[in-house]
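Some notes on the structure that comes next.
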Amino acid sequence: MSAVALCEMTRERLHAFYRAYENDPALFMDMDRFEPFVYRPEWVNARFDAHRQQGRKMFAVMLGEWVIGELELKQIDREARTCVLGIALQNDAVKEKGYGTEAERQALCYAFDVLDMQTVYADAVHRNVRSQHVLEKVGFRFVREDGAFRYYECTKSNFEARILSDGTAADGLRMEAEGNRPARGDGFTA
């Protein structure tokens, strides 16, 4: 079973995430704009409220009881059956251990099986080679780039074919959210 679980993001979990968050230089296109992150409770509260109002599905990436990441499914278009995946891990102590990869796999399963999306999009700044690698590893396909970003998509049919061919995405999924009610028989809750 995976050590990583996606749980509903709560205000308290978001504060726990940002108390130990460190800006990653690989996420900045312009290093002249890079600054160390400074935890400000009022900023975290405003972020939580704004993202909730935008209808995003917000998850905490959990390693046991430790909040190690923030993952969102945003720009959810139920008619077109598309959304955008975004993820941030807390700091270098939790990177390059497979936690982000597992969290993204679980998020794709949630997007396709629970939200009934057909396509999930993502992007990564050119400098963030690590994120690009993880996106491709979990089933995203590079589609285009511009001066700032590389853009990716993952379709439900391609993701399901990948699960059948290598079995990695479906192993050990554990998700919890509001009410801890099972949404289907394989560990998802909604």
Taking the six-membered ring for Trp, are Phe37 and Tyr18 closer than 6.0 Å centroid to centroid? yes

Are the side chains of Lys74 and Gln54 in touch, meaning some heavy atoms are under 4.5 Å apart? no

Nearest-0.5 Å distance, CG of residue Asn128 to NE2 of residue His133: 12.0 Å

Report the C-alpha distance between Tyr151 and Phe142 in whole Å, list the side-chain angles of each, state the deciding distance to 0.1 Å, and finish with yes or no for ring pair (Phe, Tyr, Trp, His ring centres under 6.0 Å). CA-CA 6 Å; Tyr151 297 92; Phe142 169 75; 8.8 Å; no

Counting only N and O atoms by type, is there a donor-acceptor contact under 3.5 Å from the side chain of Gln118 to the main-chain atoms of Thr155? no

Would Glu153 and Arg144 pass as an ion pair if we require N to O under 4.0 Å? no

Do Arg150 and Tyr152 have side-chain N/O donor and acceptor atoms under 3.5 Å apart? yes

Would a distance-only check, ignoring hydrogens and angles, find a side-chain to backbone donor-acceptor pair under 3.5 Å from Gln90 to Phe17? yes

How does the hydrophobic cluster around Tyr121 look, that is, which other residues are in it when side-chain heavy atoms under 4.5 Å mark a link? Val84

Considering only heavy atoms from C-beta outward, does the side chain of Arg105 approach that of Lys137 to under 4.5 Å? yes

With the side chain counted from C-beta on, respond yes when Cys154 and Thr119 share a heavy-atom pair under 4.5 Å apart, and no when they do not. no

Which heavy-atom pair separates Leu135 from Ala122 by the least distance, and what is that distance? CD2-CB, 3.7 Å

Is it the case that the side chain of Asn158 and the backbone of Gly139 share a donor-acceptor pair, with hydrogens and angles ignored and the cut-off at 3.5 Å? no

Among all residues two or more places apart in sequence or in another chain, which pass the side-chain hydrogen bond (donor to acceptor under 3.5 Å, both in side chains) test with Glu104? none

Taking C-beta and beyond as the side chain, do Gln75 and Cys83 meet within less than 4.5 Å on heavy atoms? no

Just wondering, do Tyr110 and Leu73 contact through their side chains at under 4.5 Å, heavy atoms? yes

Could you check Glu8 against Arg52 for salt bridge (Lys or Arg N to Asp or Glu O under 4.0 Å), going step by step and ending with a plain yes or no? CA-CA 12 Å; Glu8 177 187 13; Arg52 277 277 197 238; 3.2 Å; yes

Non-hydrogen atoms of Ala111 and Val120 that approach each other most closely: CB-CG2, 3.7 Å

So, for Phe149 and Asp146, which heavy atoms are closest and what is the spacing to 0.1 Å? N-OD1, 2.7 Å

The residue among His51, Arg19, Glu70 that forms side chain to side chain contact (heavy atoms under 4.5 Å, CB included) with Leu14 is Glu70

Carboxylate-amine/guanidinium contact Asp116 Arg78, below 4.0 Å: no

Going by atom types alone, do Glu102 and Gln106 pair a side-chain donor with an acceptor below 3.5 Å? yes

Using the ring of each side chain (for Trp, its six-membered ring), is Phe159 parallel, tilted or perpendicular to Phe112, with breaks at 30° and 60°? tilted

Residues forming a side-chain hydrogen bond (donor to acceptor under 3.5 Å, both in side chains) with His15, sequence neighbours excluded: Tyr39, Asn45

Using a strict 4.0 Å threshold on nitrogen-to-oxygen distance, state whether Glu72 and Lys57 make a salt bridge. no

